[in-house]
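What follows is a set of notes on a single structure, which appears directly below.
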Amino acid sequence: MSLERIAISQAGSHVGATVEIAGWLYNLRSGGKICFPQVRDGSGIIQCVAVKSALPEELFETLKHLTQESSLIVRGKIRAEARAPGGFELDVETAQIVQRVPESDPYPITPKEHGIDFLMDHRHLWLRSRRQHAALLVRHEVIKAIRDYFDSHGFILVDTPIFTPAACEGTTTLFEVDYFEDEKVYLAQSGQLYGEATAAAFGKTYCFGPVFRAEKSKTRRHLTEFWMVEPEMAYADLEDVKHVGEELILHVISRVLENRREDLKVLERDVSKLEAVKAPFHRMTYDQAVEKLKSKGSEIQWGSDLGNTDETLITEDLDRPVMIDRYPAAVKAFYFALAEDRPDVALGVDFIAPEGYGEIIGGGQRIHELDLLLKRLEEHKLPREAFEWYLDLRKYGSVPHAGFGMGVERFVAWMCGLDHVRETTAFPRMIYRTKP
RNA sequence: UCCUCGGUAGCUCAAUGGUAGAGCAUUCGGCUGUUAACCGAAGGGUUGUAGGUUCGAGUCCUACCCGAGGAGCCA
């Protein structure tokens, strides 16, 4: 009889078979003549049962005194068991300890409560814990669903550089890097300007990668390094951005609900909140948003950008995202197209997620006329030399085009119902935390 | 950068200006169905750092360091 090594997640289809499981000791409960080692292998957790009378004395004692997170390979028969968490159990026949964690230096993360500082210092180990594991599986699903959406809608993945010569927008702060021969380069805060070039080459493109913001933000929604997907479409306008953004969000949510129910349960996510997200999303102009805020007692004036408290006020009574468009041009980047009837209004749109997760998509239509773009560069006091290549895009077959960026971590935090984006990525980078 | 809160055992937290303690973890012992198992015992401390007030400071004062939450800015 051959012995098959299986993933714990597949235990249900091996009931009655003798199998091998390779993993780590998640938790252990023991009696005098019986013990229950719970083994995790990355795909799941299974409770094993070791009975003294059925095993060699030495093996039973070894298992009974095994330390948390020791690595081991167990073999035994799978059995359906209602009393076991997960519904299946493995009756241990043999076991091999790969590495025993010494009790003089035990695994630091116990099954009890820990503070966030301690957990973040041990992030490399914290990833093994149930909730963190579940959140990263949701992230995996979100990223896969995003790529599947674009790949099946005619978008070509064309990634953009991380070392860039200058600010894309001139608004947020950049991380400066020493390049060769006294040259300075900066870590990209967006791939958008390059996306405009690739869209003119391929029609519809997207880039997907890490971006960097040296903002001194210290909130539950900010990382200094985060992942952003940025589609860009030639021959497209503001309405196309709203349409694609809405479709993308709905596609990703349905995939998460389809494939990650168990993980959402581990995260204690109220899935009815996600199931309620349907088309059409709410739509309002910036003008209407200001009116709504004023009616709710805000002192906001037309012309200032919406802050986080404003976003929360606007979405507090909504069950799905809201698209707010036509912002004052003064609060948007230089490349935003302007409304024909109102040159003080930019054709930008932000998608604000419900439940306080804030802006998850920002984008809009770009300026495609050379003269207007030059004027806007000047108004933003940006050096023309750095943008010569970008201006070329307006000289050689310029067309109306549009695109947006979606932040992966905020989206995942929303899916998981997490109160901080730091748990949506394996090793978050924040203003005061760069280790491990 | 600013505002607020915090730092005591490996972890999570208690302790009226008056002998630094509990639970978990670790070690030893008990238990053949445990579900963050339970029961009994043991070891474990420069109270973030440096000053100051006081007969006496974990506790009060000052400065600094570290962390958390928020604001602005942003995805």
Side-chain angles (χ1 to χ4, degrees), chain A residues 26-38 45 47-55 60 64-65 67-69 79 81-87 89 91 101-122 126 129-131 169 171-173 189-192 210-230 245 304-312 331-333 350-353 356-363 404-414 419-422 424-425 430-433:
Chain A
Y26 190 73
N27 199 4
L28 175 69
R29 301 185 191 90
S30 71
K33 292 168 184 163
I34 188 170
C35 71
F36 302 92
Q38 293 187 335
I45 299 174
Q47 173 161 290
C48 301
V49 186
V51 178
K52 188 175 184 178
S53 58
L55 294 172
F60 180 76
K64 187 177 166 181
H65 293 102
T67 43
Q68 194 189 356
E69 285 301 321
R79 180 168 45 74
E81 171 57 69
R83 287 174 292 186
E89 252 175 14
D91 290 316
V101 174
E103 49 274 282
S104 59
D105 190 7
Y107 186 70
I109 302 177
T110 69
K112 295 284 181 182
E113 285 170 32
H114 299 282
I116 192 64
D117 186 29
F118 177 82
L119 289 170
M120 287 308 301
D121 284 343
H122 294 84
W126 191 25
S129 299
R130 247 186 177 117
R131 281 178 60 87
E169 315 194 4
T171 52
T172 49
T173 322
Q189 58 180 340
S190 162
Q192 122 120 59
V211 291
F212 307 85
R213 307 266 168 107
E215 295 156 4
K216 296 198 168 176
S217 301
K218 185 172 155 38
T219 81
R220 66 181 65 190
R221 297 174 311 282
H222 286 88
L223 301 174
T224 51
E225 173 183 329
F226 65 97
W227 279 61
M228 189 156 69
V229 59
E230 294 176 274
S304 59
D305 208 352
L306 304 181
N308 184 58
T309 36
D310 299 319
E311 290 179 357
T312 307
V331 304
K332 289 292 176 189
D350 288 349
F351 287 53
I352 316 295
Y357 286 97
E359 186 185 339
I360 49 171
I361 281 182
F404 63 89
M406 183 168 88
V408 168
E409 285 76 9
R410 282 189 191 175
F411 197 96
V412 174
W414 175 31
D419 62 9
H420 201 301
V421 291
R422 66 185 158 216
T424 65
T425 188
M430 289 171 284
I431 178 167
Y432 295 128
R433 197 176 280 281

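Below, read A as the first sequence line, B as the second, and so on, with proteins coming before strands; counting in each chain starts at 1.
A/Glu359 comes within contact range of the sugar-phosphate backbone alone, with a heavy-atom separation under 4.0 Å but no base atom that close. Within 4.0 Å of A/Gln47, counting heavy atoms only, lies at least one base atom of the nucleic acid. Nucleic acid contact class of A/Ser104 (heavy atoms, under 4.0 Å, all strands): none. Here A/Leu223 lies in heavy-atom contact (under 4.0 Å) with a base. Heavy atoms of A/Tyr432 sit under 4.0 angstrom from primed sugar atoms or phosphate atoms, though from no base atom. Here A/Gly115 lies in heavy-atom contact (under 4.0 Å) with sugar-phosphate atoms only. Nucleic acid contact class of A/Pro108 (heavy atoms, under 4.0 Å, all strands): none. A/Asp350 comes within 4.0 angstrom of no nucleic acid atom, judged by non-hydrogen atoms across all strands.
When each of A/Thr309 and A/Trp227 is assigned the nucleotide of RNA chain B with its nearest heavy atom, A/Thr309 is the one assigned upstream, toward the 5' end. Both A/Met228 and A/Asp419 lie near RNA chain B, and the one whose nearest nucleotide falls closer to the 5' end is A/Asp419.
With hydrogens and angles left out, the side chain of A/His114 and the base of B/C11 share no donor-acceptor pair within 3.5 Å. A donor and an acceptor atom never sit less than 3.5 Å apart when one is taken from the side chain of A/Thr110 and the other from the base of B/C24.
Counting heavy atoms of neighbouring residues, nucleotides and ligands inside a 6.0 Å radius, atom CZ of A/Arg79 exceeds 12 of them.
Shown here, B/U4 forms a base pair with B/A68; the pair counts as Watson-Crick or G-U wobble because both key distances fall under 3.5 Å. Taking a pair to require two hydrogen-bonding distances under 3.5 Å in either a Watson-Crick or a G-U wobble arrangement, B/G40 pairs with B/C28. As the counterpart of B/C60, B/G52 is assigned, both hydrogen-bonding distances of the Watson-Crick or G-U wobble pattern falling under 3.5 Å. Searching all strands for a Watson-Crick or G-U wobble partner of B/U46 with both distances below 3.5 Å returns nothing. Base pairing analysis places B/G23 opposite B/C11; the two distances defining the Watson-Crick or G-U wobble pair are each below 3.5 Å.
Of the side-chain N and O atoms in A/Arg221, one or more sit less than 4.0 angstrom from OP1 or OP2 of B/A71. At B/C74, none of the side-chain N or O atoms of A/Arg410 fall inside 4.0 Å of OP1 or OP2 (strictly under the cut-off). Of the side-chain N and O atoms in A/Lys218, one or more sit less than 4.0 angstrom from OP1 or OP2 of B/A68. Distances shorter than 4.0 Å separate none of the side-chain N or O atoms of A/Arg422 from OP1 or OP2 on B/G67. An OP1 or OP2 oxygen of B/G69 is reached within less than 4.0 angstrom by a side-chain nitrogen or oxygen of A/His420. Between A/Asn308 and B/C74 there is no side-chain polar atom (N or O) within less than 4.0 angstrom of OP1 or OP2.
Rounding to whole angstrom units, CD of residue A/Gln192 and P of B/C74 are separated by 14 Å. B/C38 atom P lies 17 Å from atom CD1 of A/Ile34, rounded to whole Å. Taking atom CZ on A/Phe118 and atom C1' on B/C24, their separation rounds to 12 Å, with Å as the unit. The CZ-C1' distance, from A/Arg29 to B/U34, rounds to 6 Å in whole Å. Nucleotide B/C2 holds its C1' atom 16 Å from the CD atom of A/Glu215, rounded to whole Å. Rounded to whole angstrom, the span from the CG atom of A/Asp105 across to the C1' atom of B/U26 amounts to 11 Å. Whole-Å rounding puts the A/Leu55 CG to B/U32 C1' distance at 13 Å. The NZ atom of A/Lys216 sits 16 Å away from the C1' atom of B/C74 (whole-angstrom rounding).
Residue-nucleotide stacking is present for A/Phe226 and B/A75, judged by a side-chain ring centre under 5.5 Å from the six-membered base ring centre and planes under 30° apart.
In this structure a side-chain-to-backbone donor-acceptor pair under 3.5 Å is missing from A/His222 to A/Lys218. Looking at A/Arg410, its side chain does come within 3.5 Å of a backbone N or O of A/Glu359 through a donor-acceptor pair. Of the possible polar contacts, none joining the A/Thr67 side chain to the A/Glu103 backbone as a donor-acceptor pair under 3.5 Å is found.
Spacing of P atoms, B/C38 relative to B/G23, comes out at 12 Å, to the nearest Å. Taking the P atoms as reference points, B/C24 lies 12 Å from B/A41, given to the whole Å. On the P atoms, B/A68 is 23 Å away from B/C73, given to the nearest whole Å. Across B/G52 and B/G70, the matching C1' atoms stand 33 Å from one another, rounded to whole Å. As rounded to the nearest Å, B/G7 and B/U12 have C1' atoms that lie 14 Å from one another. Taking atom P in both B/G45 and B/G6, one finds a spacing of 27 Å when rounded to whole Å. Separation of the P atoms belonging to B/U4 and B/G18 is 28 Å when rounded to the nearest angstrom. Rounded to the nearest Å, the gap between the C1' atom of B/U26 and that of B/A9 is 12 Å.
Rounding to the nearest 0.5 angstrom, the gap separating the OH atom in A/Tyr107 from the OH atom in A/Tyr26 is 8.5 Å. Atom CE in A/Met430 sits 14.0 Å away from atom CZ in A/Phe226 (nearest 0.5 Å).
For A/Asp117 and A/Arg433, the salt-bridge test passes: some basic side-chain N is under 4.0 Å from an acidic carboxylate O.
With hydrogens and angles left out, the side-chain atoms of A/Thr110 and A/His114 include a donor and acceptor closer than 3.5 Å.
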Candidate pair A/Lys332 and A/Asp305, rule salt bridge (charged side-chain N to carboxylate O under 4.0 Å, His left out), full reasoning: CA-CA 9 Å; A/Lys332 289 292 176 189; A/Asp305 208 352; 5.3 Å; no
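Candidate nucleotides B/A71, B/U32, B/G67 were compared by shortest atom distance to the side chain of A/Thr219, and B/A71 ranks first.
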